[in-house]
Amino acid sequence: MTTTRRRELAPRYDAAAVEPAIYARWMEADAFRPADEPPPGAEPFVIIQPPPNVTGALHLGHALTAFVEDILVRYHRMRGDDTLWLPGVDHASIGAQFVLDRILAEEGETRESLGRDRYLERMWRFMDETRDIIGEQHRRLGASLDWTRLRFTMDADSARSVRVAFKKLWDADLAYRGEALVNWCPRCRTTISDLENVKRPESGTLWTIRYHLARPDGTPDPDAWISVATTRPETIFGDTAVAVHPDDDRYRALVGREAVLPFLGRRLPIIADTYVERTFGTGAVKITPAHDFDDHEVAKRHDLPMVSILDDEARLTDAAGAFAGMDRFDARARVLEQLAEAGDLEGEQPHEMLIGRCDRCGTIVEPRLSVQWFIRVSPLAARALASVREGRTRIMPAHFEKVYAHWMENIHDWAVGRQLWWGHRIPAWYCPDGHITVTDLVDGPEHCDTCGRPADELTQETDIFDTWFSSGLWPFSTLGWPDATPDLARFYPTQVMETAYEILFFWVARMMMLGLFFTDREPFHTVYLHGIVRDPYGQKMSKTKGNVVDPLEMISDIGADALRAALVSGNAPGVDQRLSDSKLTGGRNFTNKLWNAARFVLGSRPAAERAPVEASLPVRWIRSRLAEATERATAQLDSYDIGGYAGTVHEAAWNDYCDWFLELAKVDLRRADATDADRAGTWLAAAEGLALILRLLHPLMPFVTEEIWDALGEVAPEVTAGEPLLIRAAWPGAAGRDPASERAFGDLAAVIRGIRNLRTGAGTPAGAWVPVAIAPTDAAAAEALRSESRYVEALARARPLTVRADADRPETVAPSPLGPAWLEVGAPSDDDARRRSAQLDEVDRNIDRVRDLLANEAFVGKAPPDVVARERERLAGLEEQRRQLAAG
RNA sequence: GGGCGAUUGGCUCAGCUGGUUAGAGCGCACGGUUCACAUCCGUGAGGUCACUGGUUCGAAUCCAGUAUCGCCCACCA
């Protein structure tokens with residue numbers, strides 16, 4: 001005699017207590033780390049985590065990224081793939097400096113007061129304080145990252161990858177130093193990329209200013225002028241020409257003459273260029289080559305001088321004469337004032353325009369001429385584009401491939417230098433003779449590559465790299481590149497890059513370009529882009545709007561599993577989603593449902609030994625249904641349809657297993673005439689079903705499933721295969737479909753639904769037992785009804801259930817494939833009659849439709865045979881329904 | 001100015017390469033304190049799939065155009 005073991009699950013699931021304990025158990029079991037050797041024959045499955053910023057507090061975007069990746073990783077791990085999910089943290093140079101500068105300000109220090117070395121020391125201390133925070137937050141999400149491989153973009157290995165990469169680019173003539181116009185943030189005091197220069201419409205003013213024409217002696221003619229329109233009068237000091245459209249009759253005579261620049265008296269040629277819009281402003285444009293991208297192009301075409309007038313903090317330089325030292329906006333006011341006094345301010349009007357602001361600090365960005373390091377990207381972009389065009393890397397959703405292509409085709413050289421301190425310093429050294437030496441040696445070059453001058457006469461470049469340069473190497477630098485490490489051989493190229501579509505250009509494009517150049521392989525074969533998580537009204541979440549949902553708060557409240565279900569359900573790649581309370585509640589309710597189903601199963605084990613027993617129809621049915629769910633879920637995960645997978649397992653668990661199967665199982669567990677073996681068999685099937693559902697659900701809701709698995713394993717190790725940890729359990733196989741049982745049970749369920757329907761129509765109290773009769777359509781139906789009657793009775797609360805001929809049936813029946821069923825109680829009401837006639841009408845409409853379809857020779861002739869056969873079958877079913885409804 | 005996407009019941013969204021009577025969750029109505037769960041169960045109402053044409057035996061799905069909304073890119077100072 002064996003004793004039946006039980007383990008009680010708490011009446012309520014306490015996520016806040018369970019989740020940390022489960023995570024600790026996984027860590028203790030070292031469950032996230034791939035085996036030391038790849039399992040024989042196993043396919044690799046590798047995701048390199050997009051490294052969150054070291055300064056970043058966890059937001060829903062991180063959470064969604066982590067959830068999608070964790071689902072894929074847990075799934076592949078269960079499948080036995082050689083699975084690695086590698087975590088990282090990004091040093092976020094400009095972002096980190098922004099944060100540290102604010103802290104320093106509170107301490108009464110500044111970047112300058114500390115100087116580069118002390119500033120960096122301070123930064124490293126700051127890093128030590130903050131580096132682990134984001135990882136800890138990811139652990140609360142349930143992210144099963146291999147923490148033993150945690151990487152930081154500023155660690156020594158990354159630094160070497162960066163140096164080696166840059167040296168290779170330099171040697172291949174893909175890195176160069178040159179003068180160009182760049183976006184300058186006067187507050188961060190660095191160059192920023194086009195992508196970091198965020199342009200938004202703002203209201204400004206368009207001023208009209210008179211530039212007097214030059215008389216032969218070079219002095220301004222008080223009676224002749226050309227009026228130019230500008231939104232930035234302070235740039236006047238940098239003007240080197242005035243441009244008009246070549247076909248503009250108003251100005252044709254002036255082309256070739258000269259105007260005089262106010263304040264400075266510089267003579268400006270009046271040139272013709274098609275860049276000028278005749279209809280805008282006055283049709284004449286002041287050309288400021290050093291502070292405007294368009295003007296810069298014009299200047300290059302016309303060989304104009306370029307005069308820089310702004311310093312690092314956007315104060316005017318000596319080039320502005322008396323205005324030198326003035327802030328750009330103060331200067332604007334003074335310039336306007338003085339022009340007005342001189343009578344040369346002709347007019348002003350409000351003007352809507354695009355203003356570029358620094359993505360980081362919001363300061364208005366200033367185009368500025370400077371000498372910078374660039375990456376020549378066109379050859380890199382060509383390869384990166386071909387990889388996607390030719391399908392070696394797929395982007396999901398697919399329409400982003402067009403966006404990607406468009407960007408790659410119009411790409412400009414990448415200004416990679418940043419005038420910041422926190423980051424990887426560009427490994428270039430200058431010799432007094434002007435030679436440049438680039439090296440990947442950690443201590444710098446031994447001598448000038450060109451003239452051999454010793455190292456102590458060389459000076460290193462002070463600029464650092466754009467953060468995205470080290471990020472662009474991430475898929476392989478994290479695995480040991482440039483060394484041929486075992487990890488690199490084993491895990492590269494990776495499989496999936498999952499990230500927000502917002503950083504397709506920032507990051508994905510750069511990884512593609514650099515990955516192909518350095519490794520000759522696409523760094524991943526699938527790019528999964530997720531959308532933005534918005535508030536219930538479709539607004540972007542932001543601190544200033546106060547509509548931010550904090551994932552950690554949600555986790556304390558409803559648990560990580562619930563948040564995962566809420567965020568992932570119904571989510572499609574590339575589509576923004578609105579996160580509402582009802583979704584979050586839905587996630588919480590689902591964990592609760594699962595918990596309670598498990599409580600029921602664990603608590604209802606009959607005190608009997610397991611014995612072989614013929615499986616009941618519900619048991620055969622649920623096995624088949626779960627096999628089908630497994631098949632679908634597997635296909636959906638294989639095709640990265642995460643939302644679809646969540647829907648599939650949700651429906652299988654809640655609808656099929658809980659609402660139908662467990663109710664049916666109760667019938668057999670509780671009926672008085674069941675044998676011990678029957679009960680044991682039913683319970684075992686329920687436990688097996690639960691175990692299967694736990695496996696299917698584990699990637700979505702790892703904590704609650706793991707906790708239930710633990711309890712289930714104690715009670716019934718035979719269904720958990722003795723595997724103590726669900727995270728290590730095998731993903732189920734999809735075999736076991738049983739169409740005959742599905743069909744048989746489908747018929748029975750139709751009878752049950754029909755009777756429930758009649759009850760509601762008749763206003764029968766839900767708890768009341770009602771006598772029901774059913775007239776089987778044939779002998780097989782009669783047999784089915786008799787052998788399965790107990791299920792119909794219990795689920796429809798129909799007792800007694802009589803199976804007999806329909807001689808005495810009333811008009812109101814519930815038609816079903818097994819025959820019409822009716823309540824043997826009370827007299828038919830008016831409602832009944834209305835229902836019946838509505839039902840008849842609908843059936844008739846459908847019969848007509850299908851008959852017409854089948855009478856259409858074009859349909860029968862051209863539609864595939866299986867479609868025609870299906871319609872024939874449907875017609876037969878409808879006609880049977882009609883017979884049953886009408887016979888009364 | 002270019003490009004991309006969206007438009008499906010009150011709300012949020014699924015509906016892949018065209019093939020049952022277009023689905024789900026929430027909300028709503030009605031009925032339920034049956035010993036897993038009221039964070040639940042059962043039943044139901046509610047949609048001419050934005051509009052107009054076209055292709056097809058068959059269109060929410062493919063094509064063209066229109067309208068509205070959203071996003072990205074871009075050199076009107």
Side-chain angles (χ1 to χ4, degrees), chain A residues 9 11-13 194 199 206 228-232 235 243 275-277 279-282 284-288 292-298 351 353-354 397 399-400 402-403 406-407 410 501-502 504-505 532 536 538 558 562 569-572 574-583 585-586 588-604 639 641 643-644 647 650-651 655 658-659 662-663 666 670 753 756-761 763-768 794-797 842 845-846 849-850 853 856-864 866-868 870-871 873-874 878:
Chain A
L9 293 176
R12 268 174 195 278
Y13 176 60
D194 291 344
K199 289 175 183 150
L206 184 66
V228 298
T230 182
T231 56
R232 298 195 305 156
T235 63
Y275 140 73
V276 180
E277 284 287 332
T279 52
F280 187 86
T282 60
V285 189
K286 63 196 253 337
I287 299 297
T288 320
D292 183 284
F293 284 94
D294 304 326
D295 293 3
H296 187 72
E297 291 305 310
V298 172
H351 181 54
M353 56 187 172
L354 290 178
H399 72 82
F400 273 103
K402 288 186 212 163
V403 180
H406 184 255
W407 193 74
N410 295 290
Y501 66 70
E502 291 174 294
L504 178 62
F505 305 139
I532 297 168
I558 61 174
S569 299
N571 185 28
V575 181
D576 293 355
Q577 66 166 318
R578 302 178 185 203
L579 183 65
S580 59
D581 280 349
S582 74
K583 259 187 213 174
T585 306
R588 184 201 57 177
N589 293 357
F590 188 33
T591 47
N592 178 257
K593 185 71 183 175
L594 198 63
W595 185 254
N596 280 299
R599 279 180 62 214
F600 167 70
V601 173
L602 290 171
S604 64
S639 59
D641 179 6
H650 182 274
E651 193 194 323
N655 197 25
C658 290
D659 288 348
L662 286 186
E663 295 307 314
K666 282 177 188 171
R670 288 173 184 166
R753 275 199 213 92
R756 284 171 171 172
N757 195 315
L758 290 176
R759 294 173 60 109
T760 303
T764 314
L795 269 65
R797 287 188 96 66
E842 203 193 333
R845 255 199 326 275
N846 282 316
R849 199 183 49 79
V850 181
L853 191 60
N856 183 344
E857 280 174 35
F859 171 73
V860 179
K862 291 187 179 176
D866 60 308
V867 172
V868 178
R870 203 166 54 207
E871 293 297 329
E873 213 173 297
R874 180 186 310 149
L878 285 165

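Residue numbering restarts at 1 for every chain, and letters A, B, ... go by the order of the sequence lines.
Aromatic rings from H351(A) and F280(A) are positioned such that their centres are separated by under 6.0 Å.
Nearest to the side chain of E277(A), among rC72(B), rA36(B), rC76(B), sits rC76(B). You'll find that the side chain of A863(A) is closest to rG19(B), out of rA36(B), rA77(B), rG19(B). Here the side chain of H399(A) is nearest to one of rC73(B), rG5(B), rA77(B), namely rG5(B). Relative to the side chain of C658(A), the nucleotides rU43(B), rA36(B), rC75(B) differ in distance, and rA36(B) lies closest. Comparing rC37(B), rA77(B), rC73(B) by their closest approach to the side chain of V285(A) singles out rA77(B). You'll find that the side chain of S582(A) is closest to rC26(B), out of rG19(B), rC26(B), rA36(B).
Here P864(A) lies in heavy-atom contact (under 4.0 Å) with a base. Across all strands shown, L354(A) has heavy atoms under 4.0 Å from base atoms, whether or not it also approaches the sugar-phosphate. Note on E873(A): nothing from the nucleic acid sits closer than 4.0 angstrom, heavy atoms only. Across all strands, R588(A) comes closer than 4.0 Å to base atoms (heavy-atom distances).
Taking atom C1' in both rG18(B) and rA59(B), one finds a spacing of 6 Å when rounded to whole Å. Nucleotides rA45(B) and rA24(B) have their P atoms positioned 12 Å apart, rounded to a whole Å. Taking atom P on both nucleotides, rU7(B) is separated from rU61(B) by 11 Å, rounded to a whole Å. To the nearest whole angstrom, the two C1' atoms, one in rA50(B) and one in rG32(B), are 41 Å apart.
With a cut-off of 3.5 Å on both Watson-Crick or G-U wobble distances, the partner of rC71(B) is given as rG3(B). Base pairing analysis places rU17(B) opposite nothing; no Watson-Crick or G-U wobble pair with both distances below 3.5 Å involves it. Both distances falling under 3.5 Å, in either a Watson-Crick or a G-U wobble arrangement, place rG53(B) opposite rC63(B). Look at rG9(B): it lacks any Watson-Crick or wobble partner with both distances under 3.5 angstrom. Both distances falling under 3.5 Å, in either a Watson-Crick or a G-U wobble arrangement, place rC28(B) opposite rG44(B). Base pairing of rC37(B) is not made with any nucleotide, judged by Watson-Crick or G-U wobble geometry with both donor-acceptor distances under 3.5 Å.
N655(A) places its CG atom 12 Å from the C1' atom of rC41(B), with the value rounded to the nearest Å.
Note on ring orientation: taking the six-membered ring where Trp is involved, the planes of F505(A) and W407(A) are parallel (angle under 30°, cut-offs 30° and 60°). Using cut-offs of 30° and 60° on the angle between ring planes, the pair Y13(A) and W595(A) is tilted.
Phosphate proximity of rA77(B) to H351(A): present, with a side-chain N or O under 4.0 Å from OP1 or OP2. Contact annotation: N589(A) reaches the phosphate of rC40(B) (side-chain N/O to OP1 or OP2, under 4.0 Å). The shortest distance between the side-chain N/O atoms of N757(A) and the OP1/OP2 oxygens of rG44(B) is below 4.0 Å. OP1 and OP2 of rC72(B) both lie 4.0 Å or more from every side-chain N or O belonging to K402(A).
Side-chain atoms of R12(A) and base atoms of rU39(B) include a donor and an acceptor less than 3.5 Å apart.
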Please write out the pairs of protein N or O atoms and N or O atoms of nucleotides 10-18 of chain B separated by less than 3.5 Å, giving the distance to one decimal.
| from | atom 1 | to | atom 2 | distance (Å) |
| --- | --- | --- | --- | --- |
| rU12(B) | OP1 | R578(A) | NH1 | 3.2 |

For nucleotides 29-35 of chain B, tabulate all protein N/O to nucleotide N/O atom pairs closer than 3.5 Å, reporting atom names and distance.
none

